[in-house]
Undergrad: 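Just passing along the structure, written as structure tokens.
Nothing here was measured: the structure is a model prediction, and the numbers come from that model.
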Amino acid sequence: MTQSAMKMNMGASGTARPSAASTSRDRDADAPRPADTPSDVIANAASETKHDRGVYASMKRAMAPYVENHSHAVLYGVIGFVAAALILIVGFWPTVLLAVFAAVGVVVGKYRDGDRATRERMRHFLDRVN
């Protein structure tokens, strides 16, 4: 903006007045669009980042409705991604061994927590082994 244009935009108090075009443009930019597509979700999150505490908080708020409605799809998608990454990085059999150890850890943890069904299953398993 040139100095003469800046002087014309100054009010009596000497402070800058926003023009009508910039005010309506700011209002349109701040209004969130309906989130019909993933790109709309990202666009809304990006526009809200200015008014929020950061990208993580705005993305969390933008993705929360999708995750709530599709929690199993998101969970199994993450599990599949992690399994694929492990298979590609360390190989198939080490990944299977890791999964077995994780499952045993879950069972031992449930047993130590006092889960009645797990204790019954362990007792039944140990009776069959002995």
Side-chain angles (χ1 to χ4, degrees):
M1 198 183 265
T2 63
Q3 287 183 350
S4 60
M6 288 175 63
K7 287 180 185 176
M8 288 189 332
N9 252 354
M10 296 295 229
S13 64
T15 60
R17 293 179 301 180
S19 65
S22 67
T23 304
S24 65
R25 187 175 52 239
D26 292 342
R27 254 184 286 139
D28 293 341
D30 290 342
R33 295 182 290 190
D36 296 328
T37 63
S39 60
D40 288 340
V41 170
I42 293 170
N44 287 343
S47 69
E48 292 170 1
T49 300
K50 296 182 273 183
H51 308 292
D52 213 350
R53 289 174 286 183
V55 174
Y56 177 74
S58 61
M59 287 301 290
K60 182 179 176 184
R61 189 172 60 251
M63 296 303 290
Y66 181 81
V67 172
E68 287 175 5
N69 293 332
H70 302 78
S71 60
H72 290 101
V74 172
L75 173 67
Y76 290 111
V78 170
I79 289 172
F81 178 79
V82 170
L86 283 172
I87 289 171
L88 290 173
I89 293 170
V90 298
F92 179 74
W93 291 112
T95 302
V96 170
L97 185 64
L98 180 68
V100 167
F101 284 145
V104 168
V106 168
V107 170
V108 169
K110 288 176 74 173
Y111 182 83
R112 299 275 301 173
D113 285 341
D115 185 39
R116 181 172 290 169
T118 304
R119 287 186 177 269
E120 290 296 322
R121 287 185 188 129
M122 288 298 291
R123 186 175 298 124
H124 180 68
F125 175 75
L126 292 174
D127 286 344
R128 288 178 58 193
V129 173
N130 288 331

Undergrad: Nearest 0.5 angstrom please: Phe125 CZ to Asn130 CG, how far?
TA: 9.5 Å
Undergrad: Rounded at 0.5 Å granularity, tell me how far CZ in Arg121 sits from CG in Leu126.
TA: 14.0 Å
Undergrad: Is it true that Val78 and Leu86 fall in one hydrophobic cluster, defined by side-chain heavy atoms closer than 4.5 Å?
TA: yes
Undergrad: Considering non-hydrogen atoms only, spot the tightest contact between Tyr111 and Thr118 and give its length.
TA: N-CG2, 3.9 Å
Undergrad: How does the hydrophobic cluster around Ile79 look, that is, which other residues are in it when side-chain heavy atoms under 4.5 Å mark a link?
TA: Leu75, Tyr76
Undergrad: What heavy-atom pair brings Val90 and Pro94 nearest, and what distance separates the two atoms?
TA: O-CG, 3.4 Å
Undergrad: In this structure, are over 12 heavy atoms from other groups packed under 6.0 Å from Arg119 atom CZ?
TA: yes
